[in-house]
Amino acid sequence: MIAYNQPLYRPPAEANSIIIQATLGCSFNKCTFCTMYESKEFVVRPLEEVFLDIDKMATSYGDANKMFLADGDALACDTEHLIKILEYAYNKFPKLRRVSIYASAFNLHDKSLDELKLLKEKGLNLIYYGIESGSYEVLKRIQKPISNQKMCDGLNKAYEAGMKISVTVILGVAGKKYSKLHIEETAKILNQIKITYLSTLQLMLEQHTKQRFIKNFDGEFELLSTKEMLKEQKYFLELLNPMNKVIFRSNHASNSLALAGTLPKDKCRLVDEVSYIIDNYL
Ligand code: SF4
């Protein structure tokens with residue numbers, strides 16, 4: 001077993017994957033709702049250290065077929081560096097068929113199409129990407145200011161490179177004032193891109209970050225109630241018309257209602273499920 005640099009996070013779908021820390025922390029580390037890596041300095045780990053961890057894991061779990069490269073946005077590594085990790089990992093794990101990674105909106109945008117194609121060729125098959133909101137107004141206020149155009153460019157490049165893309169959206173992140181804008185702009189961007197998986201989370205703020213988070217909303221931030229969160233969920237689903245088949249989940253620990261389906265096929269059923277809970281239980 002390897003000694004992970006804590007805290008360590010991975011997407012729920014990577015529960016059974018080998019986790020290798022290619023980087024520590026998050027290269028951006030400024031989003032006001034996120035405390036995951038606040039205690040860590042961003043570091044790209046030297047290849048020798050990463051290889052040593054891969055060796056150790058291969059000794060005990062050599063039959064593993066999935067690997068996740070942590071921490072917060074390991075796509076920030078140079079492409080050459082990532083390729084060396086991928087080649088080493090596929091060599092040490094003969095049954096490996098999927099390697100996934102967290103990407104930030106910024107470093108996905110910075111990779112060229114050729115770099116992403118090369119990474120896909122070397123076995124980087126799945127990218128986890130937090131859109132959070134499609135509204136630039138909201139993104140500025142949560143200190144993740146990236147334009148819709150840049151988000152779409154990055155995600156379209158990953159799609160064109162043949163990668164699967166898993167996107168998360170945060171319900172409630174815009175508070176009451178910007179709720180409608182948040183949902184409408186987020187659905188708009190998702191209707192323009194091709195992704196594989198989509199999840200919604202609900203905003204959860206840790207006590208010590210609340211002040212900083214609310215300050216950027218000019219002190220006007222009002223948290224959504226559970227009913228309002230589910231109304232956002234419903235409105236969001238109603239507006240979604242994805243260009244391709246998208247597997248949708250809201251099964252994170254933060255979600256007050258677990259939903260699962262495939263869009264657009266299950267859209268009406270999902271909307272009905274949310275409506276039923278709003279009308280009968282809230
Ligand atoms: S880019 Fe992701 S991991 Fe980094 S601070 Fe923002 S939400 Fe957190």
Side-chain angles (χ1 to χ4, degrees), residues 4-14 17 19-45 68-77 82 100-111 124 126-148 150-155 157-158 163 165-175 178 182 185-186 189-190 195 197-217 221 250 252-255:
Y4 287 112
N5 182 296
Q6 299 290 347
L8 177 70
Y9 298 95
R10 49 111 184 114
E14 302 295 336
S17 303
I19 300 181
I20 297 293
Q21 287 179 300
T23 57
L24 304 180
C26 164
S27 69
F28 184 62
N29 215 13
K30 292 190 184 75
C31 307
T32 53
F33 61 89
C34 174
T35 56
M36 293 201 298
Y37 304 105
E38 63 184 1
S39 62
K40 289 188 182 185
E41 283 285 324
F42 178 73
V43 174
V44 174
R45 294 182 72 215
F68 174 70
L69 299 179
D71 273 344
D73 63 339
L75 196 71
C77 294
L82 282 173
S100 57
I101 199 165
Y102 277 136
S104 83
F106 306 100
N107 56 46
L108 182 60
H109 177 260
D110 288 347
K111 292 275 187 236
L124 186 68
L126 171 62
I127 283 190
Y128 290 96
Y129 183 105
I131 277 192
E132 332 303 5
S133 175
S135 160
Y136 188 59
E137 181 63 39
V138 175
L139 288 170
K140 276 191 299 182
R141 288 173 187 272
I142 61 174
Q143 280 181 209
K144 197 173 190 176
I146 182 151
S147 68
N148 280 19
K150 285 185 174 172
M151 276 205 276
C152 286
D153 285 351
L155 291 163
K157 269 187 292 181
M163 292 172 168
I165 305 164
S166 179
V167 159
T168 50
V169 166
I170 307 181
L171 300 175
V173 76
Y178 297 102
H182 164 50
E185 295 286 301
T186 306
I189 195 171
L190 286 164
I195 59 169
Y197 306 102
L198 170 65
S199 327
T200 48
L201 317 176
Q202 287 186 199
L203 179 71
M204 292 175 83
L205 290 176
E206 291 202 29
Q207 201 56 37
H208 70 282
T209 59
K210 269 188 186 162
Q211 289 273 321
R212 183 173 72 125
F213 182 88
I214 292 170
K215 202 174 106 210
N216 287 345
F217 284 83
F221 189 86
S250 72
H252 184 255
S254 65
N255 290 107

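None of these values were measured; they are calculated from a predicted model. Counting starts at 1 for both ligands and their atoms, in listed order. Computed from heavy atoms alone, side chains included, the values below leave out hydrogens, waters and symmetry copies.
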Contact check: C26 to atom 6 (Fe) of ligand 1, N/O/S below 2.8 Å: no
Q21 and N5: side chain donor to acceptor below 3.5 Å: no
Ligand 1 atoms in contact with F33 (distance to a heavy atom under 4.0 Å): 7 (S)
Under 3.5 Å donor-acceptor, K40 side chain and P7 backbone: yes
Under 4.0 Å to a heavy atom of Y37 - the qualifying atoms of ligand 1, by number: 3 (S)
Nearest-neighbour protein heavy atom for atom 8 (Fe) of ligand 1, which is reported as residue plus atom name and distance: C34 SG, 2.4 Å
From I19, L126, L69, residue fulfilling side-chain contact (heavy atoms from CB on, under 4.5 Å) relative to E14: L126
Sub-6.0 Å ring centroid separation between F68 and Y102: yes
Any Y102 heavy atom less than 4.0 Å from ligand 1: no
Donor-acceptor contact present, side-chain K210 to main-chain L205, <3.5 Å: no
For atom 2 (Fe) of ligand 1, the protein heavy atom that lies nearest, with its residue and separation: K144 NZ, 4.3 Å
Nearest non-hydrogen protein atom, atom 6 (Fe) of ligand 1: C31 SG, 2.3 Å
Where ligand 1 meets N29 - atom numbers and elements under 4.0 angstrom, heavy-atom basis: 4 (Fe), 5 (S)
Whether over 12 other heavy atoms sit under 6.0 Å from Q211 CD: no
Any D73 heavy atom less than 4.0 Å from ligand 1: no
Near-ring test Y9/Y37, centroid separation under 6.0 angstrom: yes
